[in-house]
Amino acid sequence: MGNPRLGEWYSRSIYPWVSGMLSRFSCLFPFSVGDCFIYGSIAGLLGYLSYAIIRRRRIGRTISHVVEYLAWVYVWFYIAWGLNYFREDFFTRTQTTYVPFSSEHFQSFLDAYTDSLNASWVPIETIDREVVKEAVQEGYRELPTRFGLTTPGTYLHPKTMLFSRLMSGVGVMGYMGPFFTEFNLNGQLLPVQYPATYAHEMLMRLVYPTRPRLIYTVI
């Protein structure tokens, strides 16, 4: 899709319905349906290829079946979430004035941000996850409508990744599952990591992604 207006129309008109249906379905299960689908697909394809080799099936036909399955997964990804990448850019959608990059201003911002972050440090040993959920959802409800948000449903809840230890090894704390619009969190998150990760992954469910572009704003 090369037309941002069509991408914006999809994000505001179609995606809320699609994501609502998929997320309501996935929320019926306590585990990550998306993870099961992804890992199940990988295992299924490997099993099918192994079976075809053992039974000496025609390689061309086998590959065509695999390609056809992957094509349908590709289509599902874009219908369920991926078309949001083709919407209007950040500056157009949020009515934000673009500021040219300045290394001096950026360094000043980083210094001030780092000092403020260090000054706000407090030890955190435990956290109330229900409080985090309520605070994050309420915060997103109060954001201006021009940002193009979907309304966060109270039924939404994070799922624990199926292989948190593996994800920890590659530094993944959370991700939004595009196939069932569910957000997954690493089961090994520290209390201090949980709120920001929760807010970010829900953001990917509520705020549609934009086409990659460097965003620089002087605060």
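Owing to the predicted nature of the structure, the values given are computational and were not obtained by experimental measurement.
Within the structure, side chain to side chain donor-acceptor pair (under 3.5 Å) pairs that include any residue of residues 118-127 do not occur (at least two apart or interchain). Applying the salt bridge (Lys or Arg N to Asp or Glu O under 4.0 Å) rule to pairs touching residues 21-32 yields nothing, sequence neighbours excluded. Counting only residues at least two apart or in different chains, side chain to side chain donor-acceptor pair (under 3.5 Å) contacts with residues 37-51 comprise Ser41-Tyr69, Tyr48-His65, Tyr51-Arg55, Tyr51-Arg57.
Taking the side chain to side chain contact (heavy atoms under 4.5 Å, CB included) definition, one finds that Tyr78 meets it with Tyr74, Leu83, Phe86, sequence neighbours left out. For Asp115, there are no side chain to side chain donor-acceptor pair (under 3.5 Å) partners, not counting sequence neighbours. By the side chain to side chain contact (heavy atoms under 4.5 Å, CB included) test, His157 is found to be paired with Cys27, Lys159, residues two or more places apart in sequence or in another chain being considered. Scanning for side chain to side chain contact (heavy atoms under 4.5 Å, CB included) contacts around Leu166 gives Phe163, with sequence neighbours left out. For Leu70, the side chain to side chain contact (heavy atoms under 4.5 Å, CB included) criterion is met by Leu45, Val66, not counting sequence neighbours. The salt bridge (Lys or Arg N to Asp or Glu O under 4.0 Å) check on Glu138 picks up Arg141, with sequence neighbours excluded. Here Ser168 pairs with Asn186, Gln188 under the side chain to side chain donor-acceptor pair (under 3.5 Å) rule; sequence neighbours left out.
Taking the ring centroids of Phe183 and Tyr198, they lie under the 6.0 Å cut-off. Ring centroid separation for the pair Tyr15 and Trp9 does not come in under the 6.0 Å cut-off. In this structure, Trp81 has its ring center at least 6.0 angstrom away from the ring center of Phe180.
Hydrophobic cluster of Leu190: the remaining members, joined at side-chain heavy-atom separations below 4.5 Å, are Val122, Ile124, Val192, listed by chain and number. Hydrophobic cluster membership for Met21: none, as no Ile, Leu, Val, Met, Phe, Trp or Tyr side chain comes under 4.5 Å of it.
Annotation: side chain of Pro195 is in contact with side chain of Ile127 (closest heavy-atom distance under 4.5 Å). Using a 4.5 Å cut-off on side-chain heavy atoms (C-beta onward), Leu6 and Tyr10 make no contact.
Using a distance-only test at 3.5 Å, with no hydrogens or angles considered, no donor-acceptor pair links the side chain of Thr96 to the main chain of Phe91.
Taking the ring axis of Tyr194 as reference, the NZ or CZ atom of Arg129 stays within 45° of it and closer than 6.0 Å to the ring centre.
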